[in-house]
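Nothing here was measured: the structure is a model prediction, and the numbers come from that model.
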Amino acid sequence: MRSLSTLVFEYCNSLILPVGIGHLPIKNLNISGSEMPNSQHAQDINWNWTFKLVMGRTLIF
């Protein structure tokens with residue numbers, strides 16, 4: 001999985017991305033049309049992966 005660079009999760013219901021995803025060298029991430037949890041607790045947990053250094057250096061905005 002160290003060479004994984006693109007993830008597509010389009011139109012997923014209740015999409016929750018694991019924290020470990022932030023350790024992957026993802027360059028392209030597509031979550032368009034996906035439903036994210038809307039409680040504050042669920043949102044905090046769901047976005048933890050964004051704080052990991054690897055993806056922070058590789059993700060193209």
Side-chain angles (χ1 to χ4, degrees):
M1 294 263 272
R2 293 178 193 254
S3 62
L4 183 66
S5 64
T6 301
L7 284 177
V8 178
F9 295 109
E10 292 180 332
Y11 302 100
C12 295
N13 294 329
S14 300
L15 178 63
I16 296 175
L17 299 173
V19 174
I21 202 171
H23 297 291
L24 300 173
I26 305 296
K27 292 181 182 179
N28 303 296
L29 175 66
N30 184 348
I31 57 173
S32 64
S34 294
E35 295 178 19
M36 307 296 269
N38 57 11
S39 73
Q40 185 60 49
H41 176 70
Q43 287 177 7
D44 290 343
I45 291 170
N46 199 43
W47 293 100
N48 283 342
W49 58 270
T50 61
F51 296 104
K52 303 303 176 192
L53 294 177
V54 175
M55 187 182 280
R57 288 188 306 246
T58 60
L59 194 61
I60 298 170
F61 293 96

Please list all pairs meeting side chain to side chain donor-acceptor pair (under 3.5 Å) that have one or both residues in residues 51-61, counting only residues at least two apart or in different chains.
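Sorted result for residues 51-61: empty, none.
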
Pairs in or reaching into residues 7-17: which pass side chain to side chain donor-acceptor pair (under 3.5 Å), with residues at least two apart or in two chains?
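Listed by first then second residue: E10-N30.
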
Let me confirm one number: the [atom1]-[atom2] distance from [X] to [Y], rounded to the nearest 0.5 Å.
X	Y	atom1	atom2	result
L17	I31	CG	CD1	6.5 Å
M55	L7	CE	CG	6.5 Å
L29	S5	CG	OG	11.5 Å
L59	I26	CG	CD1	8.5 Å

Do V54 and L24 touch side chain to side chain, with heavy atoms closer than 4.5 Å?
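When only atoms from C-beta onward are counted, L24 and V54 do not touch, as no gap falls below 4.5 Å.
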
Set out, in order, the CA-CA distance, both residues' side-chain angles and the distance that settles side chain to side chain contact (heavy atoms under 4.5 Å, CB included) for V8 and T6, then state yes or no.
CA-CA 7 Å; V8 178; T6 301; 4.2 Å; yes

Nearest non-hydrogen partners of C12 and S34, listed with the distance
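Scanning both residues completely, I find the closest heavy atoms to be N-OG, 3.1 Å.
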
